[in-house]
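Read the structure below first, then the notes.
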Amino acid sequence: MTAVTDENPGQGGTGEHLSDASHSGTGWDDGLIARRAQAARKEAEQTPDEIPPEDDGGPQVEAYVDSGSPLRPRLDALRELVGLSRARLDRAALAEAGRVLDEAAARQRLSSRHTVVAIAGASGSGKSALFNALAGAQLSETSLRRPTTSSPLACSWTDGAAGLLDRLAVPGRLRRRPQPGAAADEALQGLVLVDLPDHDSAARGHRDQVDRVLALVDAVIWVVDPEKYADAALHERYLRPLAGHAEVTFVVLNQIDRLPGEAADQVLDDLRRLLDEDGMAVGEHGEPGATVLSLSALTGEGVGELRELLGRFVQDRTAATRRLAADVDAAAARLRPVYVAEGRPGLGEQAREEFADRLAEAVGAAAAGQAAEREWRRNAGRACGTPWLRLWRWYEATRQPGSRDRTPLAAPPEERLTARQRVEQAVRTVADDAAAGLPGPWAQAVREAAVQGAQGLPDALDELAGRVSGGPGVGAPATGGAASTGGAAPTGGAALPGGAGEGRAARAAGKPPRPAWWPAAVLAQVAMTLLQIFGGLWLAGQIIGVLEPGLLTPALVMLAGIVGGPLVEWSCAAAARGPARRYGQEAERRLRETAAACGRARVLDPVSAELARYREVRERYVAVTEFSTTGR
């Protein structure tokens with residue numbers, strides 16, 4: 001059983017294998033050679049029940065977890081789970097799982113033909129008397145002095161259990177064989193019975209030994225008496241925490257000879273009620289659970305029934321597997337808070353789109369698109385407008401101070417700060433969305449991945465946006481090279497300005513694409529200008545008398561040029577609205593996609609990797625728990 005004490009951390013759960021303890025101990029008489037050397041000399045003066053067992057003759061290694069057992073994939077899944085979680089969970093959270101794996105490996109190397117059963121109980125409960133009754137000999141000392149049993153005492157019905165007893169650190173001098181008559185009971189062949197000190201002993205060392213051995217045995221017989229069967233120390237310290245080990249637990253009400261009439265049945269019913277309150281299933285009517293019965297070790301009443309139950313239990317040879325399966329269940333239950341999430345955590349499409357929208361807002365994609373549209377329309381106006389109007393606009397522009405510099409390269413510091421804050425807010429929001437519902441350690445890992453990826457993101461966004469703006473034109477096909485790699489943040493690069501879209505669009509629009517109808521419109525405007533010049537010269541020639549008088553025709557020609565020029569300009573402006581709008585939308589799309597690709601490479605991909613890692617360990621956790629109730 002797993003030791004469940006806060007006073008003795010680590011006892012029974014170190015995972016250290018003690019298979020060579022008896023051969024390397026401090027006392028030479030603990031070894032096999034010493035026992036054989038002393039056997040002949042002491043044989044005449046020793047009774048049969050005191051002869052140390054010759055239990056090293058049989059094979060020690062028989063795997064008890066075969067390849068077809070449901071426990072094998074659970075152990076493999078638990079091992080993978082621990083390996084995948086070491087980088088995300090602290091050592092304390094994985095300590096119990098590691099102990100279970102260590103004990104599984106240690107037990108698997110030892111005999112599967114033996115079942116180790118410990119007899120545990122409080123002082124005065126009669127566990128040593130029951131130990132002697134099952135062995136058929138006075139092997140364990142019984143006395144009114146408390147505590148009587150100070151060290152674990154073992155009795156093995158068959159050879160080959162030395163490795164198991166070494167693992168329990170039971171020295172050779174405390175290993176016994178049952179009385180010959182009891183040894184002839186075939187039903188108990190393979191049983192290794194261990195008498196433990198009192199679990200409520202006043203000696204701290206005795207309690208530590210109980211916790212240590214209970215963590216290693218295959219099953220346990222709890223001996224209670226009519227006075228202490230409801231003791232809170234027993235139920236809160238052992239039975240309640242070990243409720244999941246019901247299938248390898250016997251609860252024996254001893255000393256029923258002290259109860260008059262039907263009082264024994266009433267106490268037994270109350271004991272079952274307490275076990276039910278502890279969460280320990282009681283095996284009745286063929287259902288799996290703890291075995292509960294009453295007996296008297298003093299008079300022998302009920303001992304035969306316990307012997308018969310133990311015989312069937314030992315011959316089944318599944319106690320070690322069921323015990324380990326219960327340990328895996330307990331370890332999985334402790335790990336549940338760090339693996340089971342509430343709901344379905346992850347990054348949905350809506351969260352990804354909102355993150356992209358926030359980055360686009362921070363990089364000024366919408367403003368860049370609007371500026372590109374205006375610049376495209378200005379280019380159309382310059383190409384198709386009347387020369388007189390263009391000259392007037394140029395004159396007005398020269399009169400305004402600073403009007404020649406129309407492409408600001410940086411935004412004011414307050415705008416740069418606002419843009420950085422928008423990027424940080426976008427990262428925090430998407431990290432919170434991704435971590436929502438995750439267990440604490442994995443939520444923290446997701447947030448750390450997002451924060452680490454966001455370092456240098458504003459500078460990288462600004463650099464990539466500059467590349468997009470300074471290329472062959474915003475309307476040109478996007479190249480995924482820089483965006484897909486995330487770009488390297490420039491040292492001391494310009495901060496991401498919130499209002500830099502105007503300048504970027506202006507630089508990008510320096511050579512905007514020209515529609516096919518632009519040459520025709522320019523030619524028409526040139527024709528209208530030539531008509532004006534020709535009509536004006538014709539009128540001037542008539543006025544000075546060089547040409548024959550006739551004002552109507554040259555006036556009409558000049559009027560046609562004057563009216564036609566603005567008409568062509570207005571027609572071009574109307575025709576340019578659609579292309580200009582598409583040009584601005586393309587500029588916004590490219591800048592948005594660039595920002596989204598950078599954010600995805602630096603933030604979303606690391607976050608997705610953490611979520612994938614969590615899903616992987618969650619699958620392993622499910623594999624650990626899926627046979628917890630049906631696969632034994």
To the nearest 0.5 Å, how far apart are [atom1] in [X] and [atom2] in [Y]?
{"X": "T249", "Y": "M280", "atom1": "OG1", "atom2": "CE", "value": "4.5 Å"}
{"X": "R91", "Y": "L89", "atom1": "CZ", "atom2": "CG", "value": "13.0 Å"}
{"X": "L81", "Y": "L94", "atom1": "CG", "atom2": "CG", "value": "7.5 Å"}
{"X": "Q108", "Y": "T321", "atom1": "CD", "atom2": "OG1", "value": "9.5 Å"}
{"X": "R352", "Y": "Q350", "atom1": "CZ", "atom2": "CD", "value": "13.0 Å"}
{"X": "R602", "Y": "L359", "atom1": "CZ", "atom2": "CG", "value": "11.5 Å"}

Do [X] and [Y] have a side chain donor and acceptor closer than 3.5 Å?
{"X": "Q425", "Y": "R422", "value": "no"}
{"X": "D327", "Y": "H245", "value": "yes"}
{"X": "D278", "Y": "Y238", "value": "no"}

For Y614, all residues meeting ring pair (Phe, Tyr, Trp, His ring centres under 6.0 Å), sequence neighbours excluded: W442

Going by heavy atoms in the side chains, are [X] and [Y] under 4.5 Å from each other?
{"X": "D357", "Y": "R592", "value": "yes"}
{"X": "S608", "Y": "L347", "value": "yes"}
{"X": "V220", "Y": "V248", "value": "no"}
{"X": "T594", "Y": "R589", "value": "no"}
{"X": "V607", "Y": "L604", "value": "no"}
{"X": "F355", "Y": "V603", "value": "yes"}
{"X": "D218", "Y": "L324", "value": "no"}
{"X": "D276", "Y": "R272", "value": "no"}

Under 4.0 Å between a side-chain nitrogen and a carboxylate oxygen: does that hold for [X] and [Y]?
{"X": "E610", "Y": "R88", "result": "yes"}
{"X": "R107", "Y": "E103", "result": "no"}
{"X": "R204", "Y": "D208", "result": "yes"}
{"X": "R358", "Y": "E353", "result": "no"}
{"X": "E593", "Y": "R590", "result": "no"}
{"X": "R615", "Y": "E619", "result": "no"}

Which atoms form the tightest heavy-atom contact between [X] and [Y], and what is the distance?
{"X": "V340", "Y": "P439", "answer": "O-CG, 3.6 Å"}
{"X": "V427", "Y": "A450", "answer": "CG1-O, 3.7 Å"}
{"X": "A169", "Y": "R212", "answer": "CB-NH1, 3.6 Å"}
{"X": "L591", "Y": "A365", "answer": "CD2-CA, 3.7 Å"}
{"X": "A623", "Y": "A77", "answer": "CB-CB, 3.6 Å"}
{"X": "L71", "Y": "A325", "answer": "CD1-CA, 4.0 Å"}

Over 12 foreign heavy atoms within 6.0 Å of CZ, R428: yes

Worked check of salt bridge (charged side-chain N to carboxylate O under 4.0 Å, His left out) between R613 and E616: CA-CA 5 Å; R613 188 186 186 97; E616 184 178 1; over 6 Å; no

Residue pairs, two or more places apart or on separate chains, that pass salt bridge (charged side-chain N to carboxylate O under 4.0 Å, His left out) and touch residues 431-447: D432-R447

R74 (side chain) donor-acceptor with V624 (main chain) under 3.5 angstrom: yes

Check: V622 main-chain N/O paired with T625 side-chain donor or acceptor under 3.5 Å: yes

Worked verdict on H199 versus W222 for side-chain contact (heavy atoms from CB on, under 4.5 Å): CA-CA 10 Å; H199 71 77; W222 289 101; 4.0 Å; yes

Criterion side chain to side chain donor-acceptor pair (under 3.5 Å) on Q444 and E448, from CA distance to verdict: CA-CA 6 Å; Q444 180 66 21; E448 289 178 356; 3.1 Å; yes

With sequence neighbours excluded, residues passing side chain to side chain donor-acceptor pair (under 3.5 Å) with D76: R79

